[in-house]
Asks: 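One structure is given below, represented as structure tokens, and several questions about it will come after.
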Amino acid sequence: MCGIVGYIGYREAYPIVIKGLKRLEYRGYDSAGVMLYDGKALNVSKTKGKVSNLEEKSASENTINGSIGMGHTRWATHGVPNDVNSHPHLSNSGELAIIHNGIIENYEPLKKELINRGYVFHSDTDTEVLINLIEDVQKKDKLKLGKAVQVALNQVVGAYAICVFDTKKPNEIVAARLGSPLAIGVGEGEFFIASDASPFIEYTSNAIYLEDEEMAIVRLYKPIKIRKIKDDTLVDPYVQELQMNLEQIEKGGYEHFMLKEIYEQPNVIKDTYRGRLLANSGIIQMAGIEDNIEKFLNADRILIIACGTSWHAGLVAEYIIEEFARIPVEVEYASEFRYRNPIITNKDVVIAISQSGETADTLAAIKLSKEKGAFVFGVCNVVGSSISRETHAGAYTHAGPEIGVASTKAFTTQITVLTMMALRLAKAKGTISNSDFHRYLLELEVIPEKVMEALQTNDISKEIAAIYKDAPNCLYLGRGYNFPVALEGALKLKEISYIHAEGYPAAEMKHGPIALIDEKMPVVVIAPKQNHYDKVVSNIQEIKSRSGKIIAIVTKGDVQVKDLADHVIEIPDSSDALSPLLTTIPLQLLSYHIAVMRGCNVDQPRNLAKSVTVE
Ligand code: F6R
């Protein structure tokens, strides 16, 4: 899981590559490197740490000149993050350079073979094996770079998005992908190659997304050639127009991307339902659903597969689809599902949820489901991502680029899409009355305003954060629709502030976790005035009588919980089913402020990456 950028054209490559790497740091940021070719020599700088460290190093080493360049920001898989293991890696001759996102699984036997043939390795990486394999093939069979890359790739097992450069062919970069994303920006007399389109968005809006098992030969002043790696067939390049703009991927005056993205939620929820939700006419229309409605209606069950925050959105969807559409739903961690020989039939509909659309486990679970005959529907944010292309049909969340590693707007827009799906299916099945259907549509339409109101809890969330920022542990409790929100709240806190946090269904407390409660334990209780309110009040009393500190998320005007809790955060009233879209907001703000106060790197928490393209 790394970010890669390549440039070939008429401009200085260095600033483009560096800026591009900064935009790709969400994919990994434990080390970085850059290679520039100035017409005479290959100049490489590599360093442990962030792209900003690389900038200092390359300035001091003067590796900044040339109009061909490649750069890499790393999330370590093979070999610790250090200067030597950073990319680019060079072949033994020093003529070939590679940047790689992915894992070469059979690197060990290949490495042994290459060592036997006299190759020497400097790093612990699988990538250095690949570049020497390419060199070996090139020399043995006297092949041009493109062909040598192709032959070598046919010998490797694993996943990759790569760029390879050869000083003997200085007007060319060879790119290839299998299982890791790769986009090629097509400009006038210049090309950009990157893990996503953000590094080149201000230069061109024309992009080609390579498919799995495709490679591209990108040459100056020549048309791009794309081939299938396995059988060498030529593929017609499909150039598409990009939908994002530069403003969308910059911080827009906020201190962190995470905060910006939290505040974007009213607008992006609107973007999510725009054109799909026609509340006044009583219509929900989603192309992917309309075209496949029979598949959903005839399904024995719906299986939801996802990871992390997307899995939490899946849990909310389980409640909402079962309640409205009365279709049985099971929610699975993609990483478990893919390895447990699950029972899947062609009567199952699988919904795969993923912000990035690149999560390796989710992708593998989709492939498995398809093999077993299920119809697979994707709910993704990133347009053109691997999952959006691998699924039979789908619905984009339209949240715009999410840069902060902790998911915020992705979660609420996923819930928005899944809620619309549940309502649309319920309508088609006749499991919801016309009046209820219409009522939910109208309520969904005004949710952005309520989210805006919920965002006004920022100041109180900050005050509470200041009180609990040093707590070593924290519990999150919720019931019904708000049980997954409790899980999500706990995940947000632990991933960005490194405080140990657990989410539980409130009623499970008495089966164990209640033993943890004492006067030092903050307990965040999600207690909006809906279905399970009285039960949650009882749970709050149980915590109170054991001296736990209660932070309650309540409906505006609540008095009962206010009397019991140490702190309350008030959110607007809503129906039970739509409440996760509101209760989530103060939890996002709370964890954000705690992390900032603890001095944590909010947008790039340690050990994490935005797009988990390794299993
Ligand atoms: C948490 C978070 C992760 C992701 C998970 C799945 O804030 O961001 O838990 O939700 O890695 O990623 P996607 O949705 O891209 O498949």
Side-chain angles (χ1 to χ4, degrees), residues 269 272-279 282-306 309-332 348-354 374-380 391 393-399 410-448 450 480-485 488 530-531 574-584:
I269 291 173
T272 303
Y273 68 54
R274 182 165 293 125
R276 293 163 162 171
L277 170 71
L278 309 171
I283 292 173
I284 286 182
Q285 52 185 17
M286 303 171 78
I289 297 285
E290 307 312 323
D291 296 347
N292 299 288
I293 196 121
E294 291 305 321
K295 297 219 166 55
F296 282 93
L297 300 183
N298 296 328
D300 281 348
R301 64 173 176 165
I302 291 176
L303 266 162
I304 297 181
I305 48 176
T309 290
S310 298
W311 184 79
H312 296 154
L315 287 180
V316 175
E318 176 182 21
Y319 283 73
I320 204 160
I321 294 173
E322 289 200 344
E323 176 164 340
F324 291 136
R326 309 304 298 157
I327 303 171
V329 179
E330 285 167 37
V331 188
E332 299 262 3
D348 288 327
V349 166
V350 171
I351 301 176
I353 309 173
S354 174
F375 171 74
V376 186
F377 189 91
V379 174
C380 291
T391 41
Y396 284 118
T397 51
H398 297 310
F411 182 62
T412 44
T413 52
Q414 284 165 347
I415 293 176
T416 305
V417 162
L418 293 159
T419 303
M420 286 193 291
M421 283 173 64
L423 288 167
R424 177 67 188 94
L425 294 175
K427 176 85 172 139
K429 273 193 83 177
T431 47
I432 190 168
S433 69
N434 281 341
S435 61
D436 279 352
F437 181 70
H438 210 184
R439 185 166 57 80
Y440 279 112
L441 263 50
L442 291 171
E443 192 187 343
L444 198 53
E445 196 181 36
V446 296
I447 276 287
K450 293 188 180 183
Y481 286 103
N482 283 299
F483 158 53
V485 176
E488 175 62 7
Q530 288 136 13
N531 276 356
S574 73
S575 63
D576 205 13
L578 299 190
S579 66
L581 291 167
L582 305 175
T583 50
T584 305

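For reference, positions follow the sequence shown, starting with 1. Nothing here was measured: the structure is a model prediction, and the numbers come from that model.
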Asks: For Pro580 versus Tyr481, what's the shortest heavy-atom pair and its separation?
Replies: CG-O, 3.6 Å

Asks: Are the side chain of Thr391 and the backbone of Gly394 linked by a donor-acceptor contact shorter than 3.5 Å?
Replies: no

Asks: I need the His438 NE2 to Ile283 CD1 distance, nearest 0.5 Å.
Replies: 9.5 Å

Asks: Which pair of non-hydrogen atoms, one from Val349 and one from Phe296, has the smallest distance, and what is that distance?
Replies: CG1-CE2, 3.5 Å

Asks: Tell me if a side-chain donor or acceptor on His312 pairs with a main-chain N or O of Val485 at a distance below 3.5 Å.
Replies: no

Asks: Establish, from distance only, whether the side-chain atoms of Thr397 and Gln414 form a donor-acceptor pair under 3.5 Å.
Replies: no

Asks: Report the distance from atom OG1 of Thr412 to atom CG of Leu581, rounding to the nearest 0.5 Å.
Replies: 6.5 Å

Asks: Given side chains that start at C-beta, do those of Ser579 and Leu582 come closer than 4.5 Å, heavy atoms only?
Replies: no

Asks: Just by distance, with hydrogens left out, do Glu488 and Thr309 show a side-chain donor and acceptor under 3.5 Å apart?
Replies: yes

Asks: To the nearest 0.5 Å, what is the distance between CD1 on Ile305 and CD1 on Ile353?
Replies: 9.5 Å

Asks: Considering only heavy atoms from C-beta outward, does the side chain of Leu423 approach that of Leu277 to under 4.5 Å?
Replies: no

Asks: Can you tell if the side chain of Asp576 reaches within under 4.5 Å of the side chain of Glu323, non-hydrogen atoms only?
Replies: no

Asks: Side chains of Thr431 and Phe324, heavy atoms from C-beta outward: is any pair under 4.5 Å?
Replies: no

Asks: Output the distance between atom CZ (Arg424) and atom CD1 (Ile432), rounded to the nearest 0.5 Å.
Replies: 12.0 Å

Asks: Against Arg301, only a single residue in Glu322, Glu330, Glu332 fulfils salt bridge (Lys or Arg N to Asp or Glu O under 4.0 Å); can you say which?
Replies: Glu330

Asks: Does the pair Leu418 and Ile351 meet the rule for a side chain to side chain contact (heavy atoms under 4.5 Å, CB included), with working shown?
Replies: CA-CA 10 Å; Leu418 293 159; Ile351 301 176; 4.2 Å; yes

Asks: Taking everything shown except Arg326 itself, do over 12 heavy atoms lie less than 6.0 Å from its CZ?
Replies: no

Asks: So, do Phe377 and Val350 sit near enough that their side-chain heavy atoms are less than 4.5 Å apart?
Replies: no

Asks: With side chain to side chain contact (heavy atoms under 4.5 Å, CB included) as the criterion, how do Met420 and Leu444 come out once you've worked through the C-alpha distance, each side chain's angles and the decisive distance to 0.1 Å?
Replies: CA-CA 9 Å; Met420 286 193 291; Leu444 198 53; 3.6 Å; yes

Asks: Could you check whether any side-chain N or O of Ser310 sits under 3.5 Å from a backbone N or O of Ala306, counting only pairs where one atom can act as donor and the other as acceptor?
Replies: no

Asks: What is the distance from atom CG of Asp300 to atom CG of Asp348, rounded to the nearest 0.5 Å?
Replies: 6.5 Å

Asks: Determine whether a donor-acceptor pair (N or O, by modelled atom type, separation under 3.5 Å) exists between the side chain of Asn292 and the backbone of Gly288.
Replies: yes

Asks: Between Glu443 and Ser574, does the side chain to side chain contact (heavy atoms under 4.5 Å, CB included) criterion hold? Intermediate values first, please.
Replies: CA-CA 8 Å; Glu443 192 187 343; Ser574 73; 3.3 Å; yes

Asks: Starting at CD1 of Ile447, measure out to CG of Leu442 and round the result to the nearest 0.5 Å.
Replies: 12.0 Å

Asks: Taking C-beta and beyond as the side chain, do Arg276 and Thr272 meet within less than 4.5 Å on heavy atoms?
Replies: yes

Asks: What I'd like to find out is whether the side chain of Tyr396 reaches to under 4.5 Å of the side chain of Val379, using heavy atoms alone.
Replies: no

Asks: So Val417 and Met286, side chain to side chain contact (heavy atoms under 4.5 Å, CB included) or not? Walk me through it.
Replies: CA-CA 9 Å; Val417 162; Met286 303 171 78; 3.9 Å; yes

Asks: Check whether any side-chain heavy atom of Leu315 lies under 4.5 Å from a side-chain heavy atom of Ile304, and answer yes or no.
Replies: no

